Structure formats: C-alpha cells, structure tokens
2 protein chains.
Amino acid sequence: MKTLRILAIDDHEMTMLGYKFILERIVFEDYNIIVDTANTYEAGRERIEESAQSFAYDIIFLDVQLFPPNENQPHSGEDLGILARQLVPNSKIIFMSSFSDNYRINSILRSVDPDGYMVKTDIDPKSLEEAVKTVIFEPPYYSSKALSAIRKKMANDITLDENDKKILYHLSIGTKTKDIENHIQLSSSSIENRKRHLKSLFGKEKENDLALILAAKNRGFI
Amino acid sequence: MKTLRILAIDDHEMTMLGYKFILERIVFEDYNIIVDTANTYEAGRERIEESAQSFAYDIIFLDVQLFPPNENQPHSGEDLGILARQLVPNSKIIFMSSFSDNYRINSILRSVDPDGYMVKTDIDPKSLEEAVKTVIFEPPYYSSKALSAIRKKMANDITLDENDKKILYHLSIGTKTKDIENHIQLSSSSIENRKRHLKSLFGKEKENDLALILAAKNRGFI
DNA sequence: GGAAAACCATAAAAAAACTAGGGTTTTCGT
DNA sequence: ACGAAAACCCTAGTTTTTTTATGGTTTTCC
C-alpha cells in the first residue's frame, strides 16, 4: 500500500478540516491518502521547509488568501506557491481561490504555473477527487470557473505589456489616475496616453474608465 | 423527451461513424441524442447553412483537417468553424485535432473560441460523454492534451506580436529565412533582427534556428 | 569548390513611446 | 451651487525602439 501525502493550507480552520476529511476518504488505487494541514502562512512555510528535508508532499493545496496571525504584512498564497516551487519542485501544487479574479488567476498561472487551480465555488467532494487524480496522472486540473477565465484569456488577440496590465489593475481597484504614477515607473502624461491607447484597443474610445474596466474584465485581463 | 442534435464533421468516414455510434448511446438526462454527419468541407457547410434556416444544432464536432473532394484548395476546419460561428452562433463548437499542435490550437482558440477542444488521442467514449455534458452546461471542455498546451501558453511571460509568431511558424515548417519576407510585410533585415531578438527572448542567443524552434515549442508558441 | 543561404554589423530613417507644459472639462465634497 | 481636485485633452520636443538598406563574413549544402 503506497502513501499519498497531501498538505492543505487555508486560514479557515473549518474549511481545512473539511478538505482533510474529504481528501482522506478518496479511494484511489492502492494509495493511502494522508493529509497534513496548516492554517497560516508561517505554519505552511515551515511544513514545506520540513518536507524539503525529508519526504516531499505529493500534492500541496494552497489558498490564495492567507493572512499570518501576528503581522500586518500579508503574505499571499502566491508567495508561498513560489517558495514551494523552489523548495519542493516535485510537489504538485493546486491553488484554491474564493473568486474567479482574472488578474489574480493570470498572475498565478504565470508566476507559479500550478498543476491545478480551483475556484472555491467549484469545489465539492467529486471535483476534489478528480483534481487529485488528474494532477497525479495528467496535470493540469482547472475547475470549471477557472477554465472560463482561462478561455477568455486564450480567446484574446490583444496583448498588453506589464505596465498596461498594472494600469488596468489599479484602475479596477479604484486607484486614482494621478496616484498611479506612484506605483508605476511612468510619467503622468504617459499613463494618460496609455489609458487612451487602452480604450481604443478595447474599442472604448472617448468613453470613461468604467467602460474600459468592464471591457478588460470581459476579456479576462482583470 | 427532448432532442439533442449533434453534427459531426470529419473526413474519415469510419471515425465519424465511430463518433456517431458512441454519441448516440450517451445517456443524458431526458435527452434523445441524434447525430448527423458530413465528411467534406462542402457537405459540412451545407448542413450548417441548412440548420441556420431551421433548427440549430446543439453541438457541432469539427475536425481540424478537412480536405474537400474535388478541389485543390484545402479548406481547413478552422474556416468552417469561423463560418459556423457567424451562421449559427448558438451552436456549441467542439474541435478535434490529430496532434497537439500549439500554433494551431492557439490560433483556433483565438479565431473561433470553440466551446471545446479535443486532441484525438484523448478521445474515447468517456471523454466524449464528458465533453458533451460539459459543453452544454458549463463550457468550455478541453481534453487533457489540449489543456497542457493551454497551460504552457498561460504560464508564459513572453508576449509576441503577430509578426513574431508568423516568423516562428514559418521557421518551424521549414520556410527559408529569405523566403519569409514573401509572407510577412517586413524587410529581410527586420526579419533577421527579429530572429535575433526572439533567440535572446528565449535565451538562445547565438544559437541556431533549431534551438529557437525547440524553445518556442516548449513554451507553447508553435 | 563554389554558390546560396544564413548570419552579423553599421548607420540612417521612420515610427512609436515618453515627457513636460499648459489648457479645458468633469467630478466630488461641502 | 461653488470651488477645488481630479480627469481629460492637446502640442511640441525628446528619447527609445523598429525598420531598412548596404556590405561584409560565415555556414550550409549540392
């Protein structure tokens, strides 16, 4: 009987117990599934570092939003994913996130390239089981809502550089245009130009920022 | 008892019969599944045009490679897909292709944005059934090998414009560099520059074209 | 061995992006 | 409804990036 080791990291204790319960009941060939858990960034990091020294987890489930207990600086699950990739490159990584936020999904798919990505509303015992099996045998596994985000992106002929994406992102979270220059290495003039350019790219010439944001959302950029 | 109408277009008569046989046996809620078939571009086009006038097919399965019988000019399944999208926008489209050719997949995902994409070696009764159900309820459905191609693309931080992609494509099919200028609106000098630039992007400075092509293949561009 | 193709380097020309500056319009708080 | 802040628009000069032509060197291949 072989053992399949899973680490689940989520800051909600109860949901994590739910995962543990479901995952350990999966019947999977001659595997015995064991789930370890962690519910803070720090605890998760420790587990991963430990595992790098001894056995490596087969799969790491990782919540996108993780807030460490006694700190202000919020470490994201994304950071932990990047770290895990370095420390334990052989472990499969599956991200879980509450919403199908395209900007975040796109960003994580590029920075971590996880073996799976599940939007939480897609998660149930059946999909969890499928995710585990798929990720082991023929990754990747993307849940339904993650797939529609990915589809939007792939169906796109517009290519934006990093600055364009950042501008869109900041606009979408309500950053004032004049404050964007604090986050991006560009003059205010350039940012205005780029906004105009973006609007024309998305066919929203002479329209307001809201129209631009909606169009960019529809195309899967934010 | 409702009816689910499917049109399958593939130039291999026998494989198409296989699809018909499998698809019509699918047990799917209270649907009765009926499969029409066509095995040339022309026949497929006619079926689609007819259906635009009366009922619309719920799903159209479409082979990527279609050669019409009495013509030299080969129409691709991609063209037919684009046509179908215009004529019967409500029909779900599922592409089937023999190999996981990234350039082709990327191109079709952009031009047609099909509701499904299956690489033929992934196709079996089970996956066909899953494709049908997924496409009806929560598209898209991408088969395993299609997903790994998509994953490569999404994990990429390199963005290429249309000319770069064309250059890579032509190199990959063996077009001589000096002949590429016939296909792209650029001077030979620019093409050389772009090739150099591409090689440096993919970390293959001073290496030959083969190295570039392999790197681009690995990243899912061709 | 020799021609064709690929590669490299340079410099000039063209296109695109950035910036500063100033003005007009819209938005928003009070 | 007012005034200030922000957003928007436009111009012109600068910088950066791309394109192009040209001429030479190396590699490939019959």
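In this text the structure is predicted, and so the values were computed from the model without any measurement. Here is the naming used below: chain letters follow the sequence lines, and residue numbers restart at 1 for every chain.
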Indicate yes or no: does [X] engage [Y] in a salt bridge with an N to O separation below 4.0 Å.
{"X": "B:Arg151", "Y": "A:Asp113", "answer": "yes"}
{"X": "B:Glu49", "Y": "B:Arg45", "answer": "yes"}
{"X": "A:Asp10", "Y": "A:Lys120", "answer": "yes"}
{"X": "B:Asp122", "Y": "B:Lys145", "answer": "yes"}

Below the 4.0 Å mark, does C:dA17 have OP1 or OP2 next to a side-chain nitrogen or oxygen of A:Ser190? no
Return the value, rounded to whole Å, for the distance between atom [atom1] of [X] and atom [atom2] of [N].
{"X": "A:Ile191", "N": "C:dA17", "atom1": "CD1", "atom2": "C1'", "value": "14 Å"}
{"X": "B:Arg194", "N": "C:dA6", "atom1": "CZ", "atom2": "C1'", "value": "19 Å"}
{"X": "B:Asp161", "N": "C:dA15", "atom1": "CG", "atom2": "C1'", "value": "14 Å"}
{"X": "B:Asn163", "N": "C:dA15", "atom1": "CG", "atom2": "C1'", "value": "14 Å"}
{"X": "A:Leu201", "N": "C:dA16", "atom1": "CG", "atom2": "C1'", "value": "14 Å"}
{"X": "A:His197", "N": "C:dA15", "atom1": "NE2", "atom2": "P", "value": "16 Å"}
{"X": "B:Ile167", "N": "C:dA6", "atom1": "CD1", "atom2": "C1'", "value": "14 Å"}

Per the end-axis method with five pairs at each terminus, what is the bend angle of the helix from C:dG1-D:dC30 to C:dT30-D:dA1, to 10°? 60°
So among B:Leu201, B:Ile158, B:Asn102, which one has a side-chain contact (heavy atoms from CB on, under 4.5 Å) with B:Arg219? B:Ile158
Looking at every non-hydrogen atom in both residues, tell me the closest pair between [X] and [Y] and how far apart they are.
{"X": "A:Arg110", "Y": "B:Asn156", "answer": "CD-O, 2.8 Å"}
{"X": "B:Asn106", "Y": "B:Gly220", "answer": "ND2-O, 2.9 Å"}
{"X": "A:Thr40", "Y": "A:Ile9", "answer": "O-CG2, 4.1 Å"}

Donor-acceptor pair, side chain of A:Asp63 and main chain of A:Leu66, under 3.5 angstrom: no
Going by distance alone, is a donor N or O of one side chain under 3.5 Å from an acceptor N or O of the other, for A:Ser127 and A:Asp124? yes
Between which nucleotides of DNA chain D, 5' to 3', does chain A make heavy-atom contacts below 4.0 Å? D:dA6 to D:dC9
Return the orientation label for the B:Phe202 and B:Phe221 ring planes: parallel under 30°, perpendicular over 60°, tilted otherwise. perpendicular
Close N/O contacts between protein and nucleotides 7-9 of chain C (under 3.5 Å):
| from | atom 1 | to | atom 2 | distance (Å) |
| --- | --- | --- | --- | --- |
| C:dC7 | OP1 | B:Asp209 | OD1 | 3.2 |
| C:dC7 | OP2 | B:Lys195 | NZ | 2.5 |
| C:dC8 | N4 | B:Glu192 | OE1 | 2.9 |

